A.B. asks: 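The structure's right below; bear with me while I get my questions together.
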Amino acid sequence: NAGVTQTPKFQVLKTGQSMTLQCAQDMNHEYMSWYRQDPGMGLRLIHYSVGAGITDQGEVPNGYNVSRSTTEDFPLRLLSAAPSQTSVYFCASRLKREIWEQYFGPGTRLTVT
Amino acid sequence: AQSVTQPDIHITVSEGASLELRCNYSYGATPYLFWYVQSPGQGLQLLLKYFSGDTLVQGIKGFEAEFKRSQSSFNLRKPSVHWSDAAEYFCAVGAGTGGFKTIFGAGTRLFVKA
């Protein structure tokens with residue numbers, strides 16, 4: 001099993017550009033989520049999904065879109081990048097919402113200039 | 001609203017010394033509590049979890065944590081720290097309603113000196 005994979009590892013964007021952060025898991029997990037990590041703020045939940053076709057907002061959803069067309073993939077789209085979106089982004093998955101142990105990807109470091 | 005507070009931004013301990021990282025939570029019902037560790041440049045790894053039962057829980061890498069309901073605390077401990085324990089540690093609470101979300105504290109960075 002590869003676990004949770006994320007691409008790219010690093011990305012630099014200009015303000016206003018769009019991009020998609022990729023996340024995939026091969027553990028047949030129902031529940032997937034995206035977090036951003038900023039110094040002194042821990043991890044904050046952006047969006048999550050309890051299964052294919054079902055997504056919902058977390059704490060800080062503005063400026064981000066998600067979709068879940070398959071169990072394996074949960075991409076995060078930045079529609080118009082802003083410097084405030086400079087952060088490290090982590091994707092995580094777990095078997096189902098009632099099973100709390102999460103598996104994290106290695107992260108994507110995004111810089112918006 | 002649920003929240004997690006880790007009062008110490010960073011802690012430095014000598015190798016071989018004991019360690020305690022503090023965590024306080026705010027949650028109306030019985031919480032699901034977690035400690036995660038993040039090594040530099042890596043994702044988070046689960047150290048241990050508390051759901052119910054014995055309030056002292058054992059985790060990986062020799063860590064343990066004690067749930068104290070009266071103090072709303074879930075402190076992480078290790079009797080003898082190794083240089084490889086240097087990392088950032090996150091306490092988290094699971095909100096078992098709605099989206100079953102996990103709320104993380106801001107983290108405590110552990111430095112280990114020789």
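None of these values were measured; they are calculated from a predicted model. Labels below follow one simple rule: chain letters A, B, ... track the order of the sequence lines, proteins then strands, and each chain is numbered from 1.
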A.B. asks: Is a donor from one side chain sitting under 3.5 angstrom from an acceptor on the other, for Asp38(A) and Ser87(A)?
C.D. replies: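 Short answer, yes.
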
A.B. asks: Within 45° of the axis and under 6.0 Å from the centre of the six-membered ring of Tyr31(A), does NZ or CZ of Arg97(A) qualify?
C.D. replies: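 Judged by the rule, Arg97(A) and Tyr31(A) form no cation-pi pair.
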
A.B. asks: Looking at chain B, which one of Gln102(A), Gln6(A), Met41(A), Glu98(A) has the largest number of heavy-atom pairs inside 4.5 Å, strictly under?
C.D. replies: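 Most pairs with chain B among the choices: Gln102(A).
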
A.B. asks: The criterion is side chain to side chain contact (heavy atoms under 4.5 Å, CB included); which residues satisfy it with Gln11(A), sequence neighbours excluded?
C.D. replies: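 Residues passing side chain to side chain contact (heavy atoms under 4.5 Å, CB included) with Gln11(A): Pro8(A), Leu13(A), Met19(A), Leu110(A).
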
A.B. asks: Taking the side chain as every heavy atom from C-beta outward, state whether Arg36(A) and Leu76(A) have any atom pair closer than 4.5 Å.
C.D. replies: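 No. Closest side-chain heavy atoms not under 4.5 Å.
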
A.B. asks: Anything in residues 35-61 of chain B with a heavy-atom distance to chain A below 4.5 Å? Please list those residues in order.
C.D. replies: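 Counting heavy atoms that sit under 4.5 Å from chain A, the residues of residues 35-61 of chain B involved are Tyr36(B), Gln38(B), Gly41(B), Gln42(B), Gly43(B), Leu44(B), Leu46(B), Lys49(B), Phe51(B).
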
A.B. asks: Pick out which of Ile11(B), Leu110(B), Asp8(B) makes a side chain to side chain contact (heavy atoms under 4.5 Å, CB included) with Tyr89(B).
C.D. replies: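 Exactly one option meets the side chain to side chain contact (heavy atoms under 4.5 Å, CB included) with Tyr89(B), and it is Leu110(B).
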
A.B. asks: Tell me, for Leu45(A) versus chain B, whether the close heavy atoms (under 4.5 Å) come from the side chain, the backbone, both or neither.
C.D. replies: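 Only the side chain of Leu45(A) comes within 4.5 Å of chain B.
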
A.B. asks: With a 4.5 angstrom heavy-atom cut-off, could you sort out which part of Tyr35(A) is near chain B: side chain, backbone, both or neither?
C.D. replies: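 For Tyr35(A), the contact with chain B is made by the side chain alone.
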
A.B. asks: Between Arg109(B) and Glu88(B) (salt bridge meaning N to carboxylate O under 4.0 Å), is one present in this structure?
C.D. replies: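 Salt bridge present between Arg109(B) and Glu88(B).
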
A.B. asks: With distance as the sole criterion, is a donor-acceptor pair present between the side chains of Arg77(A) and Ser67(A) under 3.5 Å?
C.D. replies: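 A donor-acceptor contact under 3.5 Å links the two side chains.
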
